[in-house]
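Labels below follow one simple rule: chain letters A, B, ... track the order of the sequence lines, proteins then strands, and each chain is numbered from 1.
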2 protein chains.
Amino acid sequence: MSSKSAKKIDTRLVILRNAKHLFAQHGYSGVSVRDIAGTCGIQAASLYHHFPDKQALYLATMEYAFSDKADEIAEVTTIAGSPKERLSDFIGRFTTLMADDPEFRILLQRELLDGDEERLKLAAHEVFERPFKAITDLVEEIAPECDPHMLAISLAGLILFHFETAPIRRYLPGGKKSHNDPKVIAEHVLTLLSRTLESPQ
Amino acid sequence: MSSKSAKKIDTRLVILRNAKHLFAQHGYSGVSVRDIAGTCGIQAASLYHHFPDKQALYLATMEYAFSDKADEIAEVTTIAGSPKERLSDFIGRFTTLMADDPEFRILLQRELLDGDEERLKLAAHEVFERPFKAITDLVEEIAPECDPHMLAISLAGLILFHFETAPIRRYLPGGKKSHNDPKVIAEHVLTLLSRTLESPQ
DNA sequence: GTCTATAGCCTGATAGAC
DNA sequence: GTCTATCAGGCTATAGAC
């Protein structure tokens, strides 16, 4: 009930939340300003009070969707223990993270497809650089014969591709519902990599 | 110089080729019928002589971009040799295939994001089922303790994610131009999996 | 801070001449 | 088989009342 917080709904935040939904579902050019305003229960013109134009709204939405992700992902690698334990831990936590915020993953995929250089550079430095560095440091200990940059990408791809292909996997031979379970995915990735991890010599 | 083929430019094919470019670059809703007609040097109205509407043009474009891919990918797994040789061969060929037709990969990614159930079901059965089956059969011989469906997805993801992340990798620590070289990617994936392959017991 | 009204342009699609 | 002309509606964005 304090004067500045709570109680009053922050329209800006409502817009960002709905915009995140819609941009994830349909992409930038698949969503109109009217669509976003509509799901917020306001007129399109009112939206321009909060954001100067559609592009700025999109950028603010990305910032909203991507903020704190750097911390979340990086945190996932800072656990103590042996390299193998830390990797196992990372796989489990990263998988859960991606399963818990599917819109973040989808928006990231869309940015990889449509983002201009400036946006990607910003995302790389502000969001992914720190956690990526943590992962390369980790895998360097485990598999020194591999290029750490490539191995970090491989590790992420190994996990993310299962989510990415979920819509089509159900129509492919052997596809089961359980293959979408983050725990099953994590276990599979760990099993696949286990031999690689066991003999670092 | 025969009467029915060559010589005369097939407008329909020109449209499909240009549509493939544009849909890959900007997605379905990021491209207008006028845009496509423009790159073909014709008016938008003329395009409707060849396709009933935009949706049909898009579907025809997917068919054009995806046709023969089933053969190409499946072919890549039919080489003779030991399981390990065949896997190594598959990795090299699949990587080259994806590097040679980046628009196919991009359109596939867009379909995974935006495709409705019907389209994905069709793509799964007409394009990916056969080669996917070939891959699961292969990996089943190599790593019987893994779920073949999941392992096939992992294998594809391991390769594709390097292409998918190319736009942002250059801004991430340790990123080099050589990481985009299909030969380097294939070698990396093989090295990563080599320990897993060596002791199938 | 939200509304109505509207400008100006782009959209998918059609009609009909050639 | 391509063109011009056009429609009806959607788009982003602005103006100005409340």
In whole angstroms, how far is the C1' atom of C:dC10 from the NZ atom of A:Lys54? 13 Å
I need the CZ-P distance between B:Phe51 and D:dT2, as an integer number of Å. 11 Å
Can you check the B:Arg34 CZ to C:dA13 P distance for me, whole Å? 11 Å
Counting side-chain heavy atoms from CB outward, which of D:dC11, D:dT14, C:dA13 is closest to A:Ser32? D:dC11
Walking DNA chain D from its 5' end, the first of A:Asp35 and A:Ala45 to be reached, judged by nearest nucleotide, is A:Asp35
Less than 4.0 Å between a side-chain N and a carboxylate O, is that true for B:Arg17 and B:Glu103? no
Heavy atoms under 4.0 Å, any strand shown: does A:Ser46 hit a base, just sugar-phosphate, or nothing? base
Measure NE2/A:His49 against P/C:dT4 and give the value in whole Å, please. 17 Å
Ignoring hydrogens and geometry beyond distance, is a side-chain donor-acceptor pair present between A:Tyr171 and B:Glu129 at under 3.5 Å? no
If we count only N and O atoms by modelled type, under 3.5 Å, do the side chains of B:Asn180 and B:Arg169 hold a donor and an acceptor together? yes
Return the value, rounded to whole Å, for the distance between atom CD of A:Gln43 and atom C1' of C:dA5. 11 Å
Any side-chain N or O of B:Thr11 below 4.0 angstrom from OP1/OP2 of D:dT2? yes
Atom NE2 of B:His50 and atom C1' of D:dG1: how far apart are they, to the nearest Å? 6 Å
Given atom OH of B:Tyr28 and atom C1' of C:dT11, what is their separation to the nearest angstrom? 11 Å
Can you tell whether the side chains of A:Asp101 and A:Lys20 come within less than 4.0 Å, N to carboxylate O? yes
For the pair made of CG in B:Leu47 and C1' in D:dT2, what is the distance, rounded to whole Å? 11 Å
